[in-house]
Amino acid sequence: MLLPDAVRQFLQTRDCRNCRIDAAFSGGADSVALLHALWQLREEFGLDVRAIHIQHNLRGAESLRDEQFCRDFCEVLGIPLTVVSCDVQGYAAAHRLSVETAARECRYAAFSAHCSGAIATAHTASDNLETVLMRLTRGTGLKGLCGIPPVRDQFLRPLLHVTRAQVEDYVRQQGLSHVEDSTNAQDVYRRNYLRCHVVPALRQCNPSVEDACTAMTEDLQLDADFLAQQADTAYVQCLQVDGSLRSLNALHPAIRRRCIAKLLAAHSLASRQNILTVCRLLETGGTAELAYGGIRAHVSRDTLWLEQPVQEVRRIPLTIGKNRLFEGMYAEAEVICRNDAEKFARIHTMFANSVLDYDIINGNAALHSRIPALYLRKAGHTHRISIKKWLNANVPPAQRSTVHYLSDESGLLWVQGLGAAEHAAVTERTQRMLWLHIITE
């Protein structure tokens with residue numbers, strides 16, 4: 001497809017009319033062709049065309065040359081230009097990143113800060129092929145094989161159906177000048193090696209290899225979107241109120257893996273290694289520690305849940321009103337006097353495990369998370385209850401780390417779901433009752 005036709009079709013398909021488009025402008029042939037094509041189509045589509053140049057400060061005088069070229073090019077066409085200077089080397093050192101990764105992060109941060117509308121980048125079908133090949137060399141799945149998306153958030157890629165050769169033809173036919181990045185011819189970067197050595201070999205097998213790759217990535221993106229929809233539906237069906245997943249083994253393996261990945265992604269653990277670990281665990285049951293973070297995956301009775309590493313005990317002084325011990329929930333504490341007989345009786349009867357005698361509290365009371373080797377003796381019991389055993393028998397695994405405990409200077413008074421200790425239980429002599437109810441936000 002000829003370059004102007006490709007850009008026009010892209011704008012028509014996505015109804016890009018009467019809007020602002022900032023073109024990422026490096027001064028290279030690809031970005032020159034894109035900016036010029038958008039400028040030519042500005043009246044037809046009612047576009048407010050602008051340009052943004054990111055000065056990476058990586059190539060000394062050559063970088064300054066590129067910046068000046070962009071200024072001159074935009075001045076001739078009357079296109080507003082924003083130039084953003086970045087210390088890529090400093091950013092890479094501070095964040096322990098490769099220069100390539102640091103440059104990319106700096107670019108996208110600059111786009112976010114200085115562009116208010118759509119941002120057009122000059123990725124071509126040739127870039128798409130190189131991206132797919134790069135992902136193949138380091139290992140990838142379906143998502144990686146989908147290549148560069150034509151639209152992602154506010155980013156538009158109007159040249160994805162245009163090859164680099166077609167870009168060069170357009171620039172030559174229009175009499176447009178451009179600058180060359182001297183590092184593009186160096187083999188020190190993986191992408192450059194693929195561009196200089198692998199792609200020419202593939203083109204000998206198929207002169208239209210870029211077009212073939214573009215067609216493949218478009219087809220695979222449709223498949224990926226469908227599988228993602230199916231996985232989202234299955235995830236909701238398997239998700240339990242405590243955050244665990246049930247009945248995953250009933251799903252097709254492709255959907256099952258995506259559900260596992262979704263659960264792990266919530267904890268930044270969705271690596272291939274961890275996904276395969278959990279898949280094996282679903283077959284055998286038991287427990288496995290996941291890579292990074294110390295989080296453990298558990299499978300029992302066709303249910304999968306994740307358990308956070310043991311943390312230091314959290315503790316906050318008890319106050320009447322809201323008590324926030326854990327994120328996403330709070331304990332509401334209310335004191336009810338016996339002279340409010342109707343409410344006193346109703347709360348005591350309906351929420352027996354949520355109340356205790358307020359007047360027996362000795363000194364300062366505190367709500368806290370679980371402490372090892374806790375025991376509680378309830379009224380009417382002849383022996384102490386092991387909190388660990390009680391949790392394992394009565395509380396879903398995903399909820400055990402957020403159970404609330406109340407203690408004073410005499411020891412444990414109350415456990416969420418289990419109730420009050422024998423000496424703290426509400427009796428006929430109780431004058432003031434403390435009602436603790438846990439609210440999830």
Side-chain angles (χ1 to χ4, degrees), residues 239-244 266-267 305-340 342-381 384-427 430-441:
L239 184 64
Q240 306 301 302
V241 293
D242 62 3
S244 63
H267 300 271
W305 71 93
L306 302 181
E307 188 174 89
Q308 298 282 352
V310 177
Q311 300 176 344
E312 61 182 68
V313 177
R314 298 187 182 185
R315 184 184 298 273
I316 58 172
L318 173 70
T319 58
I320 303 306
K322 289 185 179 181
N323 296 262
R324 191 178 301 279
L325 184 62
F326 303 107
E327 287 296 322
M329 62 178 61
Y330 61 89
E332 183 77 30
E334 181 180 354
V335 176
I336 303 171
C337 297
R338 183 172 284 278
N339 55 19
D340 189 356
E342 182 178 345
K343 187 174 184 180
F344 189 97
R346 177 169 59 84
I347 296 299
H348 183 201
T349 303
M350 295 180 62
F351 305 101
N353 284 340
S354 300
V355 297
L356 64 151
D357 191 327
Y358 185 64
D359 293 318
I360 61 86
I361 293 178
N362 181 15
N364 296 321
L367 285 164
H368 57 87
S369 58
R370 182 184 170 192
I371 300 172
L374 277 180
Y375 290 85
L376 182 108
R377 175 174 288 168
K378 283 178 64 71
H381 287 247
R384 296 186 306 163
I385 297 172
S386 164
I387 297 301
K388 179 179 179 180
K389 291 183 179 179
W390 175 80
L391 286 172
N392 291 340
N394 297 279
V395 180
Q399 296 179 9
R400 293 171 190 167
S401 62
T402 57
V403 170
H404 290 66
Y405 304 82
L406 180 69
S407 297
D408 66 3
E409 295 177 8
S410 67
L412 186 61
L413 298 176
W414 171 86
V415 178
Q416 175 190 344
L418 178 58
E422 181 178 37
H423 70 285
V426 173
T427 68
T430 300
Q431 296 301 309
R432 292 187 300 172
M433 176 175 65
L434 177 65
W435 179 29
L436 290 165
H437 47 119
I438 311 302
I439 298 174
T440 302
E441 297 175 312

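Every heavy atom of this structure was used, including side-chain atoms; hydrogens, water molecules and symmetry mates were not. The first residue of the sequence shown is numbered 1, and numbering continues consecutively from there.
- Pairing each heavy atom of S244 with each of W305, the nearest pair is CB-CB, 3.8 Å.
- The two residues H267 and L306 have their closest heavy-atom pair at CD2-CD1, 3.4 Å.
- Between H404 atom NE2 and Y330 atom OH the span is 11.0 Å, to the nearest 0.5 Å.
- For CZ of R384, the number of neighbouring non-hydrogen atoms (other residues, nucleotides, ligands) closer than 6.0 Å is 12 at most.
- For the atom pair CD (Q416) and CG (L436), the distance works out to 9.5 Å, reported to the nearest 0.5 Å.
- Counting only distance, with no hydrogens or angles, the side chain of K378 and the backbone of L418 share a donor-acceptor pair below 3.5 Å.
- Ring-plane geometry between W435 and H437 is classed as parallel, the angle between the planes falling under 30 degrees on a 0 to 90 degree scale with a further cut at 60.
- Ring geometry for Y405 versus H368: interplanar angle under 30°, hence parallel rather than tilted (30 to 60°).
- Atom CD of E342 has 12 or fewer neighbouring heavy atoms from other residues, nucleotides or ligands inside a 6.0 Å radius.
- Here the side chain of T349 pairs a donor or acceptor atom with the backbone of A345 at under 3.5 angstrom.
- The minimum heavy-atom distance between A366 and R315, with the atom names listed, is CB-CG, 3.8 Å.
- Every side chain to side chain contact (heavy atoms under 4.5 Å, CB included) that I316 has, sequence neighbours left out, goes to N323, L325, L367.
- In this structure, R432 CZ and I360 CD1 are separated by 11.5 Å, a value rounded to the nearest 0.5 Å.
- In this structure the side chain of R370 reaches within 4.5 angstrom of the side chain of L391, judged on heavy atoms.
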Could you walk me through whether K388 and N392 pass the side chain to side chain contact (heavy atoms under 4.5 Å, CB included) test, one step at a time? CA-CA 6 Å; K388 179 179 179 180; N392 291 340; 4.0 Å; yes
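- With L434 as the partner, the side chain to side chain contact (heavy atoms under 4.5 Å, CB included) test is satisfied by one option alone out of L413, D359, L356: L356.
- For the atom pair OG (S407) and CG (L376), the distance works out to 9.0 Å, reported to the nearest 0.5 Å.
- Atom CG of N364 has 12 or fewer heavy atoms from other residues, nucleotides or ligands within 6.0 Å.
- Between L406 and L318, the shortest heavy-atom contact is CD1-CD2, 4.1 Å.
- Atom OH of Y375 and atom CD1 of I385 lie 12.0 Å apart (nearest 0.5 Å).
- Summarising the geometry, atom NZ belonging to K343 is positioned 15.5 Å from atom NE2 belonging to H348; distances are rounded to the nearest 0.5 Å.
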Full working for side chain to side chain contact (heavy atoms under 4.5 Å, CB included) between W390 and V415: CA-CA 11 Å; W390 175 80; V415 178; 4.0 Å; yes
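- Shortest non-hydrogen contact noted between F326 and S369 is CZ-CB, 3.7 Å.
- A distance-only check finds no donor-acceptor pair linking the side chain of R338 to the backbone of F344 [under 3.5 Å].
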